[in-house]
Amino acid sequence: MSEPFEPKIVAFVCTYCTYAGADLAGTSRLKYAPNVRIVRLPCTGRISPMFILKALQKGADGVLVSGCHPGDCHFTHGNYHARRRWIVFRALLDFAGISPERVKYSWISAAEGGKFADLINSVTEDIRTLGPFDQYHQLIKESESPATL
Ligand code: FES
């Protein structure tokens, strides 16, 4: 019998808000799904769409991007840049045939440990429902197989 699917999720978070919120969830001993690996960055404005694609290429089933609430970015408007980039990137994902539902975007402040735990649980459940992300690996396999006429 096979193991139930446990999604691998990479979370790119800004250090000032969401990372501090994750820290608060931990120090408050809130329980949440262990499926997320956090990558801490100075600001969501620093998160390139290439980071997200690379995470999916390297085996992530889903990606979370989270930072300061609008108006609270420590670099003034990095999160506004990230939000604009996300709107374009979402259309590109759709165009590439990758479900945009695999990438979630949220705002979590340093005081929202409970919200962080709830978000991780809901993202994990959503990605579990979508199933494993293996489109990239299927495309590589197809491109390497000999052409048939
Ligand atoms: Fe948190 Fe910019 S510092 S989003």
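Excluded from the calculations below are hydrogen atoms, water molecules and symmetry mates; all remaining heavy atoms, backbone and side chain alike, are included. Residues take their numbers from the sequence shown, with the count starting at 1. Just so it is clear, the model here is predicted, and its values are computed rather than measured. When a ligand or atom number is given, it counts from 1 through the structure's own listing order.
Surrounding NZ of K104 are more than 12 heavy atoms belonging to other residues, nucleotides or ligands, all under 6.0 Å away.
Taking the six-membered ring for Trp and thresholds of 30 and 60 degrees, F89 and W86 have ring planes inclined between 30 and 60 degrees apart.
The side-chain hydrogen bond (donor to acceptor under 3.5 Å, both in side chains) test applied to E125 returns R128, not counting sequence neighbours.
Two residues are said to be in side-chain contact when any heavy atoms from C-beta on lie closer than 4.5 Å; F51 and L41 meet this criterion. Annotation: side chain of T27 is in contact with side chain of L24 (closest heavy-atom distance under 4.5 Å).
If you run side-chain contact (heavy atoms from CB on, under 4.5 Å) between F12 and each of T18, T44, V63, I38, only V63 comes through.
For a distance threshold of 2.8 Å, the protein N, O or S atoms nearer than that to atom 1 (Fe) of ligand 1, listed by chain and number, are C14 SG, C68 SG.
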